[in-house]
Amino acid sequence: MSKILVTGGCGYIGIHTIVDLVQNGYEVISVDNNSRSNISILEGAEKIIGKKIKNYVVDLCNLKETETIFEENKDINGIIHFAAYKAVGESVEKPLMYYENNLGSLVNILKCAEKYAVPNFVFSSSCTVYGNPDAIPVTEETPQKPAESPYGATKQMGEVIVTDAVKSSSLQGILLRYFNPVGAHPSVLIGEIPLGRPANLVPAITQTAIGKLPTMQVWGEDYPTRDGSCVRDYIHVCDIAHAHTLALNLLINKKNKVNPEIFNLGTGDGFTVLEVIKAFEKTSGVKLSYSIGPRRAGDVVAIYANNNKAKTELGWLPAKSLEEMMDSAWKWELTLKNNKTS
Ligand code: WQD
């Protein structure tokens with residue numbers, strides 16, 4: 001059974017990926033310093049898979065500490081690297097903290113991959129690397145525009161670092177560019193636990209609907225889009241998680257054609273902010289309280305994926321509809337509230 005190290009394993013996409021990996025026959029260990037995540041999320045994942053998950057509480061910016069993981073696990077066959085700060089707004093206020101954390105941890109984990117001869121590496125990238133694209137949908141060959149934030153810049157630089165690392169070693173790599181991950185596992189035992197006021201649209205919707213937030217704003221209704229609000233490619237977090245399992249399968253079976261391989265992970269459909277709100281209201285039956293606010297700095301007008309490469313080369317088929325994404329997100333928010341009161 002292949003042992004996989006998942007960094008940021010207690011994070012939103014990390015925990016869903018751990019569940020998918022284990023359910024597809026992989027052995028998984030996690031490393032997460034819980035600076036931006038809640039270790040209690042492991043309990044939900046352990047209930048789903050019926051086994052314990054070992055998590056190393058280690059700061060990947062500390063190389064010595066990180067090496068202990070590999071000293072204790074000499075048979076790691078792959079690394080999936082999620083660990084990073086990801087708040088766009090915060091990155092604008094504290095760019096150096098983002099460069100130090102996101103790139104320092106990446107360099108250290110790649111050093112360990114080299115030193116301990118780990119053969120396979122999957123990097124958590126983002127559609128943010130495209131910036132404001134001239135043409136949509138974007139393919140993996142769409143030229144990258146300047147990043148709209150230091151967070152986006154760390155993803156662009158991260159891709160360069162991984163590319164140079166794999167070209168100078170025997171490491172095989174894949175870069176996965178997520179569009180907008182939303183929703184929660186159907187068991188409602190794991191989901192997103194935003195820290196503080198959520199910057200992202202869907203947790204802002206569900207927290208407003210449940211009353212954690214009094215109201216929310218739609219950042220801009222004067223864009224050149226169908227209804228004036230921004231267009232994004234929302235993708236269910238379980239579909240994103242399964243793509244990681246398929247990416248590892250491709251590397252372990254040595255079926256990758258280039259090194260690194262790059263894949264867009266989006267549904268290929270774009271929805272506006274107002275359409276997402278309508279889909280939420282339809283599935284939850286809750287009338288959302290919101291107002292139209294000013295545009296948010298750094299927002300891309302419209303982006304969605306051409307996902308043909310992931311479909312043909314990974315055999316990946318995103319299955320969940322926007323309504324299913326909203327339904328699972330709402331059910332998760334209700335669970336968080338019930339857990340608080342229980
Ligand atoms: C989506 C749309 C907002 C909140 C970023 C990163 C991406 C990924 C996901 C980290 C935008 C609008 C939002 C609100 C709103 N990384 N919105 N009111 O900015 O597309 O992507 O987060 O996880 O790499 O770039 O996602 O959910 O923040 O915003 O109107 O209260 O919703 O303006 O148009 P984004 P988002």
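Counting starts at 1 for both ligands and their atoms, in listed order.
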Regarding [X] and [Y], does a basic nitrogen lie under 4.0 Å from an acidic carboxylate oxygen?
| X | Y | result |
| --- | --- | --- |
| K64 | E67 | yes |
| D239 | K320 | no |
| K54 | E72 | no |

Considering the heavy atoms of [X], write down every atom of ligand 1 situated less than 4.0 Å from one of them.
| X | result |
| --- | --- |
| V273 | 2 (C), 12 (C), 30 (O), 32 (O), 34 (O) |
| C230 | 34 (O) |
| V88 | 6 (C), 25 (O) |
| Y234 | 1 (C), 2 (C) |
| A204 | 31 (O) |
| V218 | 30 (O) |
| K86 | 10 (C), 23 (O) |
| S126 | 7 (C), 24 (O) |

Quick one: closest heavy-atom pair of E192 and P203, and the distance?
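Reported closest heavy-atom pair: OE1-CG, 3.7 Å.
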Please state which option from E221, K155, R296 has its nearest heavy atom closest to atom 19 (O) of ligand 1.
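Nearest heavy atom to atom 19 (O) of ligand 1 lies in R296.
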Judged on heavy-atom distance to atom 16 (N) of ligand 1, which of W219, Y151, Y223 sits nearest?
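Checking each option, the heavy atom nearest atom 16 (N) of ligand 1 is found in Y151.
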Checking side chain to side chain contact (heavy atoms under 4.5 Å, CB included) for the pair H244/D20: CA distance, chi angles, key distance, verdict?
CA-CA 8 Å; H244 290 76; D20 196 275; over 6 Å; no
How does N180 reach ligand 1, by side chain, by backbone, by both or by neither, if only non-hydrogen atoms under 4.0 Å count?
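N180 to ligand 1: side-chain contact only, backbone stays beyond 4.0 Å.
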Is D299 touching ligand 1 with its side chain, its backbone, both, or neither, if touching means heavy atoms under 4.0 Å apart?
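Under 4.0 Å from ligand 1, D299 contributes side-chain atoms alone.
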Geometric N/O contact R197 with ligand 1, under 3.5 angstrom:
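No, no N or O pair falls under 3.5 Å.
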If I apply the N/O under 3.5 Å rule, does M216 come out as touching ligand 1?
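N/O-N/O distance below 3.5 Å does not exist for this pair.
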Side chains of T267 and Y234: any donor to acceptor distance under 3.5 Å?
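Result is no, nothing qualifies.
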